[in-house]
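First the structure, in the form of structure tokens, and then the observations on it.
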Amino acid sequence: MRRIAVALGLTAVMLGGGVVLPGAVGVSASAATKPTQVTAVAQSAQDWAGKSVKVTWRTVPGATSYVVKWSTRTDLSSPKYKDSTAIGAWMTGLAPGTTYHVTVAAKNGTTAGAWAKPVTAVLRPHAVGTFGPVTVTPAVGGVRVSIPEVADASDYQVRWSAGPNENRTPDRWTARTTPWSSAFDPATRTWMLPTSDADLTSVAFGNPVYVRAMAKNTYFDPASVRKSLQVRAWPTPTVPIAADHPLHVASYNVLCSGCEQSGTPGWSTRAPAIADVIRGKSPDVLTLLEASGPAAGRGSEQAYLDLARRLPGLRLVDATPMTVSASHQGNRIMYDPTKYSVVSHGVLTGIKDYEVYPATSAPDTNTPWAQLRATDGSGATFIVVAPHYGIPSSSYAEPRKTLLGKNSAQLLAALDQINPADSSGRRLPVVLGGDLNDNRYPEDAIDGAQPTLVRAGFYDASASQHRYGTGKPTYNAYLPASRQVDDPNGDGQRIDYILTQGIQGSDEFVNNWNPGTSTIPSDHNMIEAEVRVPTRQ
């Protein structure tokens with residue numbers, strides 16, 4: 001039987017008791033057939049990071065869509081819904097480990113069939129997966145780290161420090177960590193890790209920041225933590241002032257004549273190789289360390305005088321013998337006389353040679369200094385210092401690093417005497433190049449030679465715009481280039497330093513681990529830096 005009712009120009013069509021939405025006059029439609037009940041509802045997959053579970057079911061003939069209903073309550077009260085045109089749908093926003101009751105109904109248009117028999121679904125925790133690549137990049141005032149999604153993680157944390165060794169016990173180095181954060185929020189997978197002077201990670205110390213990420217699943221095993229491989233990056237270095245006076249400085253501990261290992265070439269063979277390395281780099285200023293001992297062919301003449309003849313482009317600031325121990329006799333400063341003139345020079349006093357025990361008997365080391373002025377009319381004037389700290393005697397109760405830190409404090413006091421502040425509080429810039437006999441890694445202690453100087457305003461030139469060869473140590477133990485390997489932590493131990501005070505940043509820093517000579521010149525590599533001296537002094 002067909003009945004047609006007309007009202008307000010619209011026609012409603014009814015068929016077999018089904019109701020069809022209003023339509024235009026003269027348009028007919030058939031009532032939707034009620035779908036049969038859905039069967040075989042089951043959990044088929046889960047997305048842990050997305051807090052989602054997928055349920056599937058069997059196809060219902062004639063169904064145009066389906067609706068999924070779930071709740072934590074057995075009576076399915078206070079439910080959530082998800083519509084789907086496919087055979088399967090994702091339940092989202094689930095709490096891990098919680099049991100959800102789920103049912104599905106088929107729809108034909110707006111007509112729904114009976115709900116399926118309810119089943120349960122759970123977002124199940126599992127053991128944390130392994131880390132993919134962790135990325136750490138330089139940033140101003142720190143480093144930025146990003147980690148990939150780790151399978152089945154519920155929380156992430158990041159650990160960072162200036163030292164790579166997190167497993168040494170006891171460790172004077174205290175690492176910093178972020179709070180644990182939720183792994184379900186993608187925004188938590190990137191951190192800005194700040195650096196600080198207190199932990200020797202700020203840019204002036206020239207140390208990389210070592211980073212390790214951690215993940216755990218608190219719903220599976222809160223005590224189990226998965227760690228990433230350790231990665232590193234240097235904070236963004238200070239940018240030099242382009243308009244300032246360019247200065248190419250090098251520092252070279254050339255190993256004193258007579259100090260060679262048994263069976264290795266002596267000074268007469270090494271000296272030409274040393275000169276070749278220096279000439280090949282053509283520094284404007286060179287700090288020489290250990291250029292002492294008798295030079296072959298000239299009787300008892302000192303090695304620094306022999307080198308001066310081999311380097312006609314450089315001139316010794318001072319060729320006068322010093323009444324100091326043999327190795328310190330050879331601490332000297334050389335400069336290019338076509339670019340600079342010597343304003344004044346001398347020897348810093350009070351820097352004790354702790355190779356001698358007790359301290360009351362320790363003599364001063366030979367630590368030459370020179371005030372140089374550029375001849376290019378820029379007015380750039382600066383002080384150069386060539387320190388070589390002795391290796392402290394083991395008879396001292398104080399740790400070696402602490403004594404070397406005292407040497408730096410003594411050097412700072414001596415500098416204050418020759419470089420007083422003017423009426424505006426400014427001092428001449430200082431370039432220090434030398435062998436401080438103090439390994440860089442700060443986890444051994446934080447009161448050593450280099451940190452003491454940096455805390456007083458010096459800047460490690462290895463924190464440079466361009467760094468070369470710094471994966472290898474500056475002390476080569478008299479090994480050929482083929483046997484000098486990169487430090488596994490990516491930043492080679494250094495006991496040779498170029499540090500600056502009153503100079504902004506560094507354009508380039510080079511550790512010349514491969515001298516390009518058939519003879520190994522020295523047990524140290526020559527280091528060099530390109531810096532810019534202020535012309536406004």
With a 3.5 Å distance limit and no angle check, can you tell me whether Tyr100 reaches the backbone of Ala95 through a side-chain donor-acceptor pair? yes
Does some side-chain heavy atom of Val145 sit less than 4.5 Å from a side-chain heavy atom of Val134? yes
Asp155 and Lys216 ion-paired at < 4.0 Å: no
Any side-chain heavy atom of Tyr459 sitting closer than 4.5 Å to one from Leu499? no
Asp152 and Asn217: which non-hydrogen atoms are nearest, and at how many Å? O-ND2, 2.6 Å
Could you tell me whether the side chain of Thr135 reaches within less than 4.5 Å of the side chain of Ile147, counting heavy atoms only? no
Return all side-chain donor-acceptor pairs below 3.5 angstrom for residues 116-127, not counting sequence neighbours, or 'none' if the list is empty.
none

Quickly, which of His248, Gln465, Arg532 forms a side chain to side chain donor-acceptor pair (under 3.5 Å) with Asp507? Name it, please. Arg532
Any side-chain heavy atom of Arg494 within less than 4.5 Å of one from Ser462? yes
Parallel, tilted or perpendicular: which one describes the rings of Phe184 and Trp48, with boundaries at 30° and 60°? tilted
Minimum heavy-atom distance Gly433-Ser251, with the two atoms named: C-OG, 3.3 Å
Pairwise side-chain contact, Val485 with Lys472, heavy-atom cut-off 4.5 Å (strictly under): no
Would you mind writing out the side-chain donor-acceptor pairs for residues 81-91 within the sub-3.5 Å range, not counting sequence neighbours?
from  : atom 1 : to    : atom 2 : distance (Å)
Lys82 : NZ     : Trp90 : O      : 2.7
Ser84 : OG     : Ala86 : N      : 3.1
Ser84 : OG     : Ala86 : O      : 3.0
Ser84 : OG     : Gly88 : O      : 2.9

Aromatic contact between Trp57 and Tyr66, with the criterion being ring centroids under 6.0 Å apart: yes or no? yes
Residues forming a side chain to side chain contact (heavy atoms under 4.5 Å, CB included) with Ala49, sequence neighbours excluded: Asp47, Glu149
Taking the side chain as every heavy atom from C-beta outward, state whether Arg455 and Leu200 have any atom pair closer than 4.5 Å. yes
Can you give me the closest heavy-atom contact between Ala463 and Ser506, atom names plus distance? O-CB, 4.2 Å
Given Asn512, Asp496, Thr474, Asn511, the one that forms side chain to side chain donor-acceptor pair (under 3.5 Å) with Asn525: Asn511
Validation row: Phe205, Asp460 side chains within 4.5 angstrom (heavy atoms): no
In this structure, is the centre-to-centre distance between the rings of Tyr396 and Tyr354 below 6.0 Å? yes
Nearest heavy-atom pair of Gly469 and Trp513: which atoms, and what distance? CA-CD1, 3.7 Å
Taking the side chain as every heavy atom from C-beta outward, state whether Gln230 and Val211 have any atom pair closer than 4.5 Å. no
